[in-house]
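All chains are named by letter (A, B, ...) in the order of the sequence lines, taking the proteins before the strands, and each is independently numbered beginning at 1. Fair warning: this is a prediction, and the values are worked out from it, not measured in the lab.
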Number of protein chains: 2
Amino acid sequence: MTRKNPFFEIKTARGGGKTSKGCNIRLFGCSFESKYKDMITEKHFEEFINFAHKVGDANLTVCSSGNLSWRIGNEVLISGTGSWVPEITEDKVAVLNLEDGRMLNGVRPSMEHGFHLGVLRERKDVDVVLHFQSPYATAIACRKVMPATFNFTAEVPCHVGDSIPMVPYYRPGSEELAKGVTQAMKEHNSIFLAKHGQVVCGKDFAQAFERAMFMEMACRIAVLNGDNLNPFTDEQVQEINKVFLGK
Amino acid sequence: MTRKNPFFEIKTARGGGKTSKGCNIRLFGCSFESKYKDMITEKHFEEFINFAHKVGDANLTVCSSGNLSWRIGNEVLISGTGSWVPEITEDKVAVLNLEDGRMLNGVRPSMEHGFHLGVLRERKDVDVVLHFQSPYATAIACRKVMPATFNFTAEVPCHVGDSIPMVPYYRPGSEELAKGVTQAMKEHNSIFLAKHGQVVCGKDFAQAFERAMFMEMACRIAVLNGDNLNPFTDEQVQEINKVFLGK
């Protein structure tokens, strides 16, 4: 808990090495140097923001309804509370300590930081968590009766997962929701949150984005076709899993 | 099989005629000269990439789910395996020998190169093949029961085809799928692949793109209207075929 915050020792971009203690580097456009391994740099913020905007451009979420996190070493970039992912700016990106959730740059994180940190702690194989509310997947999340399967095209078992569980409704931002999401994501890469939306994870932005896009495609097929569906047989899913995933 | 690969003799862009053997011209931004007729040039790569991005901008496919090929003489430009057509870059564009499918520039082609080459070999009148997964057409491809016809507006018989067959499901990337698509495209310009997506061909990019866009329009009409449809009569299709296509 006494760890020195790398964000608090800053060299200003044009200041010739002048050190400004406690400066909010996001607001004042400073550059900085971390003394720590896997340090977060300006490039990470830029990449995070570019990806967040890409999520918005793809209509995966609108306004303040989604959130995004990215693990860098022992720290996590995460969209700030109340921020709009599709048009987020640097001053709305929070940095948290992964282990204890401490705020490291003075920006308050999304109220869903509980499940973001939970998933990143449990899943060493993923670095990105995206909570979104795409049109058709959110329609599915708000149904009383779910489709029996989403295995309509090979992209689903290959990228989204051959089953997509639904986490029961818990109040947004609650500890119960954080626990439910963390638990479900131990065994899945893509999940629904009842009366809420979706969460996907990935080893990087591209993988998380692709999972989100193909999950939305599968849900669109389900919604548009109603009962007129022709999903894969179990044998077809097994063949796809074997050939493409080596399962 | 002993044919010299035109990609292996390269004049660097600023190298004053210096020849670099085996250089991956895509990665190092070299220009090159082919000794062969109908040679592939930098301009072809640029045009291919521009068209691929246009396919993405039109929401005809997302992420890694579609692929594209273009015949130049006896060779074929084709999107690389795992590449994302909507944002493809030069280093992800493969070049194949049309006759035997040999890789000519070290980039592995889409796993669907089998049907791309098959269609280009069978159809001397087309140079472009596009496999896509547009929202409404993919919904149709995943139905148990198909609409009786897609002839809702004149664009369908004129550009897409007055019948659009459905190739049965075969595993993506399989030889059976390559054969099924090649066979169906002998007599059609636009087809569905069950539980998968669509394929269109064209004499050039514009024609393939127009077919894809009008196929999506027809499928959107079918999906949005359900049973409340008012398609052309056979006589109306015949009149359109006669007046516009000279059939």
Side-chain angles (χ1 to χ4, degrees), chain A residues 50-51 54-55 57-60 134-137 147-160 200 202 204-245, chain B residues 56-57 59-67 81-89 92 110-112 131-147 166-177 192-198 216 219-227:
Chain A
N50 287 341
F51 179 66
K54 188 176 174 74
V55 165
D57 292 344
N59 295 316
L60 289 172
S134 55
Y136 290 95
T149 179
F150 292 92
N151 292 323
F152 306 122
T153 72
E155 284 78 10
V156 183
C158 283
H159 296 279
V160 186
V200 293
D204 54 24
F205 286 139
Q207 191 177 55
F209 181 77
E210 190 162 47
R211 283 176 174 153
M213 293 296 278
F214 289 150
M215 183 172 177
E216 176 65 358
M217 183 172 75
C219 293
R220 185 169 54 234
I221 291 166
V223 170
L224 292 180
N225 284 348
D227 293 330
N228 190 1
L229 283 163
N230 187 27
F232 288 134
T233 63
D234 289 346
E235 290 71 28
Q236 289 169 339
V237 173
Q238 283 164 16
E239 187 195 16
I240 288 166
N241 281 339
K242 188 177 170 191
V243 171
F244 295 115
L245 304 179
Chain B
D57 292 345
N59 293 317
L60 288 173
T61 201
V62 299
C63 301
S64 63
S65 65
N67 31 76
T81 186
S83 65
W84 291 18
V85 164
E87 48 202 84
I88 199 166
T89 47
K92 300 287 188 188
S110 160
M111 69 174 178
E112 303 297 12
H131 167 44
F132 61 113
Q133 279 194 322
S134 56
Y136 289 95
T138 305
I140 295 286
C142 295
R143 283 190 169 185
K144 187 179 281 181
V145 181
M146 290 275 287
M166 175 85 78
V167 174
Y169 174 73
Y170 301 108
R171 181 180 53 74
S174 66
E175 202 169 324
E176 292 81 4
L177 180 63
F192 293 101
L193 315 187
K195 310 183 188 191
H196 192 157
Q198 308 79 46
E216 175 66 356
C219 292
R220 187 169 53 232
I221 291 167
V223 170
L224 293 180
N225 284 344
D227 294 331

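Proximity to chain B (any heavy atom under 4.5 Å) is shown, for A:Val223, by neither the backbone nor the side chain. For B:Val145, the parts lying near chain A are the backbone and the side chain together; criterion is any non-hydrogen pair under 4.5 Å. For A:Phe244, the part lying under 4.5 angstrom from a heavy atom of chain B is the side chain only. Residue contact with chain B, scored on non-hydrogen atoms closer than 4.5 Å, involves the backbone and the side chain of A:Ala206 alike. With a 4.5 Å cut-off on non-hydrogen atoms, A:Glu155 touches chain B through its side chain but not through its backbone.
Considering SG of B:Cys63 and CE of A:Met217, their distance stands at 9.0 Å, rounded to 0.5 Å. Note that the CG atom of A:Leu224 and the CZ atom of B:Arg143 stand 8.0 Å from one another [nearest 0.5 Å].
Of the listed residues (B:Val62, B:Thr138, B:Ile140), the greatest number of heavy-atom pairs within a distance under 4.5 Å of chain A belongs to B:Val62.
Contact annotation: the side chain of A:Lys54 approaches that of B:Glu87 to within less than 4.5 Å [non-hydrogen atoms, C-beta and beyond].
A side-chain contact (heavy atoms from CB on, under 4.5 Å) with B:Cys142 is found for one member of A:Asn230, A:Asn228, A:Asn225 and no other, namely A:Asn225.
Of all non-hydrogen atoms in B:Lys195 and A:Pro231, the two that sit nearest each other are NZ-O, 3.0 Å.
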